[in-house]
Amino acid sequence: GSLTLSSGTINNAADDSGTWTVSGDVNIGTGTTLKATSGNFSVAGNWTNSATFTAGTGTVTFNSTSTAKTITSGGSSFYNLTFNGVGGGWSPVDALTVANDLTMTAGTLSGTQNITVSGGDTTGNGTISLTGGTFLLDGAGSFGGNTNWQFYNLTFGDGSVATTTTKTGTNQITTTNLLTIAANQTLDASDDTWVLSGSGTPLSIAGTFTANASTFKYTGSLATNIIPTTYYNLEALPSANTITYTLGTAVSQTITCNGYLTLGNGTNTGIIITADTWDPILDVNGVLTIAANTTFVASNTGSFTVAGNWTNSGTFTNSSGTVTFDGSSAQTITSGGSNFNNVTFNNSNTNINYTGDLSIAGNVVLSKNTSISSTNNTNLSITGTINGGYTLTINSGTGTVNFNGAIGNTSALSALTINNTSAAIANFNGATNSISGAFTKQGTGDVNFGANAFNAGSLTLSSGTINNAADDSG
């Protein structure tokens, strides 16, 4: 049955090491004390403390298999606290403090009260679903299980002692308001998914964030700031229409993605994600994806590097800035019909592929030897200059190539090869074309030079036609 303490003190067991099993409620009445120096309690009902509970180093286990159970701590801490009832459900009535570890073996912990766990570990495969309050986990230890958990505010560390929390298990962690890593605390996010569904600035890092191989998803339904740090995978996924997300929170910041960066969910419309407010350095070491119905506004001054593929199904606004492709393997650019401004090719693999038309409205700088190839016979247009003392190879298939600016006017290319087929044309419309080494024409397509200067160390025509100018005066 139930355990009710109306007066006096109860010690859990003579030697303080036993276990008391209560099939009903525990009621600690006013002016009384329930003491469990090192003993344990197993409770199937509610816990109501109106006086003093001395936890010692024991464990209280709630094992109900029914819902709507309540815990009133009355300001007394538990030492170890375990929830282990399949189908059970518990809600704290007041602030809940666990001096050591919290174990969610089975059942659901819900509610809106503050919960503090000071021993470093919150683990298990039960469910945590908190819609209010702050869950504070302090100390070194593990955090996670195999069932998804939700918090309103989730804080790691109290800011006083340098400790590390390591994500374990496979569960997704969602915070609906704010995730905080306090000073002196390290969070190792492991390889799991963390969802930040709060708006405003839903992530605060005063300590150390180790992204490991995790995925962080910002999903707020109002304007949201994506804070500067080093992520692995980062997804900016506004969950309502006509929302603006801002990359960075102040000037002189860096956002790094050691995995991929995804902008937009493809469903919500009118989405704007901008880097042009604070101009952060943006370093993406994997794939960059701009989803349908999403506009990505680049910084006009901040460094922007991409080491993976570029896939645009929405809109890219270049803001007259520069994008650097710096991968170590072949990169594919799907522009989606949006123009780049300035582009630097610094790919150590040398291979840049484009699917669909590729239009560069500004200048191109070659920082390494570069081969640019159409995968589906589409067009390439470069409005500005092309410079850099490296080789450039264009494989356009049947697509048209337009060079509208000077080539090598400040730094001559070391070699240039044009390889096109059928009736394809490569047009050189710039006033100056300077190549220190060989210019080679391959394939059955044509090359047209206007009446402009052209300087090359050598000229090789393997096939096709080179037209110097209509009036041959170039």
Verdict with supporting geometry, T269 and N293, side-chain hydrogen bond (donor to acceptor under 3.5 Å, both in side chains): CA-CA 5 Å; T269 61; N293 303 313; over 6 Å; no
Stepwise side chain to side chain contact (heavy atoms under 4.5 Å, CB included) test for Q150 and T131: CA-CA 8 Å; Q150 175 181 298; T131 54; 4.0 Å; yes
Backbone of L222 reached by a side-chain donor or acceptor of S199 within 3.5 Å: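 Yes, because the side chain of S199 sits within donor-acceptor range (under 3.5 Å) of the backbone of L222.
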Gap separating the OG atom of S303 from the CG atom of D283, nearest 0.5 angstrom: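 Atom-to-atom, S303:OG and D283:CG are 7.0 Å apart.
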Flag, side chain of S374 to backbone of T378, donor-acceptor distance under 3.5 Å: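 Yes, the answer is positive, given that a donor and an acceptor are paired below the 3.5 Å cut-off.
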Residues which pass side-chain hydrogen bond (donor to acceptor under 3.5 Å, both in side chains) with D121, listed by chain and number, not counting sequence neighbours: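 With neighbours one apart ignored, the set is empty.
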Shortest non-hydrogen separation from K368 to N346 and the atoms involved: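 It is NZ-OD1, 2.8 Å.
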Donor-acceptor contact below 3.5 Å, side chain S414 vs main chain T391: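 Judged by distance alone, yes, a pair lies under 3.5 Å.
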L109 and I115: CA distance, side-chain angles, deciding distance, side chain to side chain contact (heavy atoms under 4.5 Å, CB included) verdict: CA-CA 11 Å; L109 175 63; I115 298 175; 3.9 Å; yes
Listed partners of F304 passing ring-ring contact (aromatic ring centres under 6.0 Å, His included), at least two apart: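 Per chain and number, F304 pairs via ring-ring contact (aromatic ring centres under 6.0 Å, His included) with F296, W310.
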CD1-OG1 distance between I271 and T242, expressed to the nearest 0.5 angstrom: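 It comes to 7.0 Å.
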Sub-6.0 Å ring centroid separation between W149 and F143: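 Yes: the rings meet the under 6.0 Å criterion.
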Evaluation steps, side chain to side chain contact (heavy atoms under 4.5 Å, CB included), between I227 and F209: CA-CA 12 Å; I227 73 164; F209 171 56; over 6 Å; no
Of N433, L392, N409, V365, the residue whose pairing with I386 passes side chain to side chain contact (heavy atoms under 4.5 Å, CB included):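 Answer after filtering N433, L392, N409, V365: L392.
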Passing option when F151 is tested against T174, I173, T176 for side chain to side chain contact (heavy atoms under 4.5 Å, CB included):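 It is I173, the one option of T174, I173, T176 that forms the side chain to side chain contact (heavy atoms under 4.5 Å, CB included) with F151.
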Approximate separation, where rounding is to 0.5 Å, of F78 CZ and T116 OG1: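 Rounded to the nearest 0.5 Å, the CZ-OG1 separation comes to 13.0 Å.
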Pairwise distance CG(L261) to CG(L247) - rounded to 0.5 angstrom: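 Going from the CG atom of L261 to the CG atom of L247 covers 7.5 Å.
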Non-hydrogen side-chain atoms of F345 and I372 separated by less than 4.5 Å: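 A side-chain contact under 4.5 Å exists here.
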Side-chain (S411) to main-chain (G408) donor-acceptor, under 3.5 angstrom: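 Not confirmed, S411 side chain does not pair with G408 backbone.
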Member of T147, N146, N148, T193 meeting the side chain to side chain contact (heavy atoms under 4.5 Å, CB included) criterion with T170: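 By the side chain to side chain contact (heavy atoms under 4.5 Å, CB included) criterion, T170 pairs with just one of T147, N146, N148, T193: N146.
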Residue list, side-chain hydrogen bond (donor to acceptor under 3.5 Å, both in side chains) with T385, at least two apart or on another chain: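 T385 satisfies side-chain hydrogen bond (donor to acceptor under 3.5 Å, both in side chains) with N363, N387 only.
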Short side-chain donor-acceptor distance under 3.5 Å, N351 and N349: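 Distance-only check passes for N349 and N351.
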Pair listing, ring pair (Phe, Tyr, Trp, His ring centres under 6.0 Å) test, anchored in residues 368-412, at least two apart: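 Qualifying pairs, neighbours excluded: F403-F428.
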pair F216-L179: side-chain heavy atoms closer than 4.5 Å: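 They are in contact (side-chain heavy atoms under 4.5 Å apart), so the answer is yes.
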Donor-acceptor contact below 3.5 Å, side chain N341 vs main chain I360: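 Such a contact is absent between N341 side chain and I360 backbone.
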Flag for T398-S422: side-chain donor and acceptor within less than 3.5 Å: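 The answer is no; no qualifying pair exists.
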Closest contact, heavy atoms only, S160 versus D158: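 In this case the closest contact between S160 and D158 is OG-OD1, 2.7 Å.
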Residue that, paired with N233, satisfies side-chain hydrogen bond (donor to acceptor under 3.5 Å, both in side chains) out of T215, D191, N258: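 Only match with N233 under side-chain hydrogen bond (donor to acceptor under 3.5 Å, both in side chains): T215.
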Residue pair A189 / A211: nearest heavy atoms and the distance that separates them: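 Here A189 and A211 meet closest at CB-O, 3.9 Å.
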Under 3.5 Å, which donor-acceptor pairs do the side chains of residues 315-325 form with other protein atoms, sequence neighbours left out?
residue: N318; atom: OD1; partner: S320; partner atom: N; Å: 2.8
residue: N318; atom: ND2; partner: N339; partner atom: O; Å: 3.2
residue: S319; atom: OG; partner: A298; partner atom: O; Å: 2.7

Any side-chain donor near an acceptor of the partner, K441 and N420, under 3.5 Å: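 A pair is found: one side chain offers a donor N or O, the other an acceptor, under 3.5 Å apart.
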S239 side-chain N/O to T219 backbone N/O, donor-acceptor pair under 3.5 Å: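 Yes; at least one donor-acceptor contact below 3.5 Å.
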Reported CD1-to-CG distance for the pair I352 and L380, which is rounded to 0.5 angstrom: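 One gets 12.0 Å once the value is rounded to the nearest 0.5 Å.
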From N114, T180, T134, residue fulfilling side-chain hydrogen bond (donor to acceptor under 3.5 Å, both in side chains) relative to N153: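 Among N114, T180, T134, the one that satisfies the side-chain hydrogen bond (donor to acceptor under 3.5 Å, both in side chains) with N153 is T134.
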Spacing of I281 atom CD1 and T256 atom OG1 [to the nearest 0.5 Å]: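 Between atom CD1 of I281 and atom OG1 of T256 there are 8.0 Å.
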Full working for side-chain hydrogen bond (donor to acceptor under 3.5 Å, both in side chains) between S91 and S110: CA-CA 5 Å; S91 297; S110 61; 3.0 Å; yes
For L234 against C257, the heavy-atom pair lying closest together: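 Closest approach of L234 to C257: CB-SG, 3.7 Å.
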Plane angle bin for W90 and F83 - parallel if under 30°, tilted between 30 and 60°, otherwise perpendicular: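 Ring orientation of F83 relative to W90: tilted.
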Donor-acceptor under 3.5 Å (N342 side chain, G362 main chain):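 Side chain of N342 to backbone of G362, a donor-acceptor pair under 3.5 Å: no, none is there.
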Residues N312 and S338: side-chain donor-acceptor under 3.5 angstrom: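 Note: N312 and S338 side chains meet the donor-acceptor criterion.
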Short side-chain to backbone donor-acceptor contact, Q185 and A182, under 3.5 Å: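 The answer is no, because no donor-acceptor pair under 3.5 Å joins these two groups.
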Side-chain donor/acceptor of T201 to backbone N/O of N225, under 3.5 Å: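 Side chain of T201 to backbone of N225: no pair is present.
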Without placing hydrogens or testing angles, list every side-chain donor-acceptor pair under 3.5 Å for residues 329-337, not counting sequence neighbours.
residue: Q331; atom: OE1; partner: G327; partner atom: N; Å: 2.8
residue: Q331; atom: OE1; partner: N347; partner atom: ND2; Å: 2.8
residue: Q331; atom: NE2; partner: V306; partner atom: O; Å: 3.0
residue: Q331; atom: NE2; partner: G308; partner atom: O; Å: 2.7
residue: S335; atom: OG; partner: G337; partner atom: N; Å: 3.3
residue: S335; atom: OG; partner: D357; partner atom: O; Å: 2.7

Expected output: side-chain N427 to main-chain N429 donor-acceptor under 3.5 Å: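 Not confirmed, N427 side chain does not pair with N429 backbone.
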Exercise: do T417 and Q442 side chains pair donor with acceptor under 3.5 Å: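 On atom types as modelled, these side chains do not qualify, holding no pair under 3.5 Å.
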